[in-house]
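This report refers to the structure that appears directly beneath it.
For ligands, and for the atoms within them, numbers begin at 1 and follow the listed sequence.
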Amino acid sequence: MDANLLAAVPNANVALGLAATAIALYSLYSYLLPKPIPGIPYNAAAAKNLLGDAPDMFRSVIVTKEIMAWMAEQSRKLNAPLCQVFVRPFARPWLLLADWHEAQDVLLRRGKDFDRSAFSSDLLAPAGAFHIRFKTGDQWRAARKWLTDLMSPNFLNNVAGPAIYARTQDLVGLWQLKEKLAEGDTFSAKEDIDHVALDGILAFIFGEKLNISATRAQIETLQRCELRLDIGRSLEEKYTSFPHGCLHEFLQAASQGTAVIEQIINSPMPNWTFWWMKKTGSYKDTMCTKDVYVRKQVRESVARMYSSEPGEASQIRSAVDHIVRRERMLAEKQDRQPDFDGQQLIDEIFGNVVAAHDTTSSNLIWILKYLTDMPHVQDKVRTALHKAYPEAASEGRQPTAAELVQAKVPYLDAVVEEALRLSPISVTREALHDTELLGHHIPKGTVVFLLANGASFLDPAFPISEKQRSASSQAASPNTWDESVDLRAFYPERWLRNDESGNVVFDPTAGPQLAFGMGSRGCFGKKLAYLEARIIVTMIAWNFELLPVDKELSGYGATDGIAHRATQCYVKIKSIRR
Ligand code: HEM
Ligand SMILES: *[C@@H]1O[C@H](CO)[C@@H](O)[C@H](O)[C@H]1NC(C)=O
Ligand SMILES: *[C@@H]1O[C@H](CO)[C@@H](O)[C@H](O)[C@H]1NC(C)=O
């Protein structure tokens with residue numbers, strides 16, 4: 001008894017200590033639990049888990065690799081146009097907005113409330129001082145001044161278009177070779193499309209004279225294996241595989257630039273991944289290689305500029321030629337020395353390569369898949385092309401670059417648009433100050449995903465009462481279409497309508513589309529992307545029939561990174577003889 005009493009004194013202290021620890025731990029635990037924004041639906045179980053929704057998300061993403069699909073699923077499950085998820089431990093929730101009308105309002109009319117997010121800038125950290133990472137302000141505006149001329153119809157139609165066209169001829173040559181070597185068998189088109197997209201964008205950036213080409217490297221490799229010695233088709237494979245060409249170090253660096261960003265985007269802790277990555281030799285090599293090469297191109301362009309007459313437009317053969325002229329003009333205006341060597345200029349140029357490459361190649365890959373799997377769409381594209389280029393068709397030749405950039409082919413535009421619609425990456429914005437969205441209070445710094453694959457895009461819109469919407473949203477009249485046409489189906493006709501004189505025209509405003517974002521921070525290169533897609537798809541459809549491929553090689557799985565990229569893209573081609 002006595003012993004027990006004696007023992008009880010220190011026990012009481014221990015108990016007090018334990019209780020204090022428990023309270024402290026519990027407070028810490030509560031402090032670390034996800035903090036929902038009041039009034040916005042969330043997954044209740046996730047709010048009681050220190051890791052929030054992250055375990056569920058990673059379980060799903062490990063299988064599907066499609067984080068955007070997981071987001072859309074949360075919005076469906078919570079059945080709300082605005083909901084929240086807790087993905088980054090101990091951080092603010094992410095908001096998911098699934099409504100075209102309100103997303104358009106945020107992007108077009110609420111730039112004072114919502115801007116480029118720090119979240120997406122962190123994911124694009126390797127792009128350095130590329131303007132995509134800046135908030136809308138002086139630094140952003142200064143970078144955009146360099147790019148002023150790049151999307152002008154004159155430059156696109158007379159310089160960039162023909163340069164991309166020339167690169168596309170290489171792809172046609174490569175595929176003629178592949179058709180012969182594979183004896184008409186199926187092969188993967190992914191790398192070829194990736195290469196031609198890269199070649200095309202580099203021809204735009206550095207000019208048609210650029211003497212490195214991923215596609216030509218591939219052709220050279222294949223020309224060396226005429227006897228099918230190196231060409232593989234194992235028993236279990238349903239396709240022929242080819243040896244890979246050896247790419248110029250800058251082409252490798254350009255592809256690597258995309259790969260490092262994908263790695264960061266897919267990391268649970270992007271900042272840590274980037275920190276670690278920066279210390280690796282391969283990252284340093286990639287960065288060094290691209291900087292050296294871009295600087296060399298800039299210097300050559302500067303030398304050409306100073307050796308030509310001022311204002312001599314014919315000298316302008318590339319985006320870089322335009323950029324250095326702008327830098328010279330800006331320097332004169334601001335009474336400073338031009339800085340052609342600065343890292344910001346180099347980052348801007350390379351940033352455009354990365355922003356353009358993976359996105360345009362992904363788009364092309366989806367288009368090829370749809371054309372392969374839907375022969376009636378392919379037939380319609382070819383018929384439309386023959387109608388658009390009657391001389392080329394009757395003379396048994398290819399349409400020329402000049403014909404291509406001039407022609408209007410509404411059905412082809414609709415195919416490109418429809419492929420973009422079905423494979424978007426959702427853009428994000430960050431609240432610049434405390435504000436409101438659909439009647440809810442949104443704290444400063446909150447990241448909002450504008451879902452491009454949820455309600456009112458791929459599912460019917462949520463009913464939302466007008467008074468929940470912002471004043472500017474209520475004042476606007478959004479475009480909506482007939483939602484009873486299956487929104488998940490590939491149906492290019494939804495982008496076509498008859499004009500006053502009864503002609504079929506392409507209508508890019510026919511319905512919801514967020515593939516390029518919108519507003520002043522929407523995609524800068526949209527016009528170039530359409531031009532490139534038109535040229536490459538035309539040349540492929542003109543020269544080759546895309547025959548059906550085995551079901552097993554035609555899945556619709558994808559990975560989300562810079563773009564929503566199809567995992568499989570196999571083709572079985574047959575040259576069209578004219
Ligand atoms: C199919 C091809 C493409 C797709 C789907 C695409 C998509 C996008 C998206 C979703 C954004 C963010 C928009 C936003 O936040 O509202 C963006 C931004 C951007 N894109 Fe594209 N893009 C494509 C091609 C290109 C090309 C060819 C270029 C360059 C020549 C380019 C240059 C840019 C730039 C510079 C930005 C940043 C704009 C800014 O922050 O002010 N993109 N793109
Ligand atoms: C490309 O041209 C440059 C000169 O502008 C030359 O130094 C280089 O060796 C050439 N590269 C190839 C792969 O032909
Ligand atoms: C990530 O790093 C950048 C730059 O080092 C910093 O500005 C940003 O706040 C960091 N983001 C997070 C979420 O810690």
task = Could you tell me whether some N/O pair between Asn363 and ligand 1 is separated by less than 3.5 angstrom?
result = no

remark   = Counting from 1 in the order shown, the ligand 3 atoms closer than 4.0 Å to a non-hydrogen atom of Asp122 are 1 (C), 3 (C), 8 (C), 10 (C), 11 (N), 12 (C), 13 (C)

query = With backbone taken as N, CA, C and O and side chain as the heavy atoms from C-beta onward, which portion of Glu532 lies under 4.0 Å from ligand 1: side chain, backbone, both, or neither?
reply = neither

query = Any idea which atoms of ligand 3 are less than 4.0 Å away from a heavy-atom of Asn271?
reply = 1 (C), 2 (O), 3 (C), 8 (C), 10 (C), 11 (N), 12 (C), 14 (O)

query = Counting only non-hydrogen atoms of the protein, does one fall under 4.0 Å from atom 8 (C) of ligand 3?
reply = yes

request  = Assert yes or no for the condition that the ring centre distance of Phe490 to Tyr556 is strictly below 6.0 Å.
outcome  = no

query = Which is it for Thr359 and ligand 1 at heavy atoms under 4.0 Å: side chain, backbone, both or neither?
reply = both

message = Tell me whether atom 2 (O) of ligand 3 lies less than 4.0 Å from at least one protein heavy-atom position.
response = yes

message = Is atom 11 (N) of ligand 3 near the protein, in the sense that some protein heavy atom lies at less than 4.0 Å from it?
response = yes

task = Please indicate, with yes or no, if any protein heavy atom is found under 4.0 Å from atom 14 (O) of ligand 3?
result = yes

Flag for Arg521-Thr136: side-chain donor and acceptor within less than 3.5 Å = yes

task = Anything under 30° is parallel, anything over 60° is perpendicular, the rest tilted; go ahead and classify Trp366 against His564.
result = parallel

